[in-house]
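Quantities reported herein were computed from a predicted structural model and do not represent experimental measurements.
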Amino acid sequence: GSHVVYTINPSANVVTVSGTQTNEYTGNGIGVDYQADGTNSVKVTIAKATSNTDGKAASLTGILLTSGDFKIVDDSGSDVTATNVGNYRIVLTDAGLNKIKNALGSNYDISQASDKYGKLTITPAAKINIHYVDVTGIANSTDYASQGKTIGSQDKTVTNDPNADF
């Protein structure tokens, strides 16, 4: 008798992180705050790889990811601390990707999309208006001006600088 050998290859699927988390500038590093419902958070999806024409699509149902399963990287993929105003990339950590791989098992070949990522946007801090009066308690009055001294403005606007001097 003759035999036929079938080789079943793992179904190639790609995990994609997308969506945006937005935080206001605080002067401190901001981390990923993952919310499974997508509220001000990145989202994670999975789909068959482009080359996967006949394999099964995997599902992330029941796989519980946490904020610690993500990291913030720069445009070259290097880990960074997100402190300053701007945009940063959010991707899965190796441990986060392995959590998905382990949950799905060996019937799937899972990779993370290299050209797509979530985004962390740090926006400028709110403006703070500060009203000041000199030590004599006189705020640009005619009496004060007659002494040859003036206070140009009583309001100062400070933007994005927690260390501003007055």
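Within the model, atoms NZ of Lys71 and CZ of Arg89 stand 12.5 Å from one another, a figure rounded to the nearest 0.5 Å. Note that OG1 of Thr83 is 6.5 Å distant from CD1 of Ile122, once rounded to the nearest 0.5 Å. With values rounded to the nearest 0.5 angstrom, Gln35 atom CD is found 6.5 Å from Ser67 atom OG.
A side-chain contact (heavy atoms from CB on, under 4.5 Å) with Val17 is found for exactly one of Leu92, Val32, Asp69, Leu65, namely Leu92. Checked against Asn13 for a side-chain contact (heavy atoms from CB on, under 4.5 Å), the options Ile100, Leu60, Ile46, Leu104 give a single hit: Ile46.
For Tyr34, the ring-ring contact (aromatic ring centres under 6.0 Å, His included) criterion is met by Phe70, not counting sequence neighbours.
Tyr117 forms part of a hydrophobic cluster together with Val73, Val91, judged by ILVMFWY side-chain heavy-atom separations under 4.5 Å.
For the pair Lys119/Ile90, no side-chain contact is recorded, criterion being any heavy-atom separation below 4.5 Å from C-beta on. Counting only heavy atoms from C-beta outward, the side chains of Ile72 and Asp79 never approach each other to under 4.5 Å.
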Walk me through whether Val42 and Thr20 qualify under side-chain contact (heavy atoms from CB on, under 4.5 Å). CA-CA 5 Å; Val42 294; Thr20 302; over 6 Å; no
Quick one: do Val15 and Ile110 satisfy side-chain contact (heavy atoms from CB on, under 4.5 Å)? Show the steps, please. CA-CA 7 Å; Val15 175; Ile110 305 299; 3.5 Å; yes
Val44 vs Ile63, side-chain contact (heavy atoms from CB on, under 4.5 Å): CA-CA, chis, key distance, verdict: CA-CA 11 Å; Val44 182; Ile63 301 174; over 6 Å; no
Could you go step by step and tell me if Asn23 and Leu120 meet the side-chain contact (heavy atoms from CB on, under 4.5 Å) rule? CA-CA 8 Å; Asn23 292 81; Leu120 167 64; 3.5 Å; yes
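Side-chain N or O atoms of Lys99 include one that pairs as donor or acceptor with a backbone N or O of Leu64 at under 3.5 Å. Using a distance-only test at 3.5 Å, with no hydrogens or angles considered, a donor-acceptor pair links the side chain of Gln21 to the main chain of Gly31.
Annotation: Asp94, atom CG; neighbour count of heavy atoms from other residues, nucleotides and ligands within 6.0 Å does not exceed 12.
Counting all heavy atoms, side chain and backbone alike, Tyr108 lies closest to Pro10 at C-CB, 3.8 Å. In plain terms, the two heavy atoms of Ser41 and Asp33 that are nearest each other are OG-O, 3.7 Å.
A side-chain N or O of Thr61 and one of Ser59 form a donor-acceptor pair less than 3.5 Å apart.
Note on residues 45-58: pairs passing side chain to side chain donor-acceptor pair (under 3.5 Å), not counting sequence neighbours, are Ser11-Asn52.
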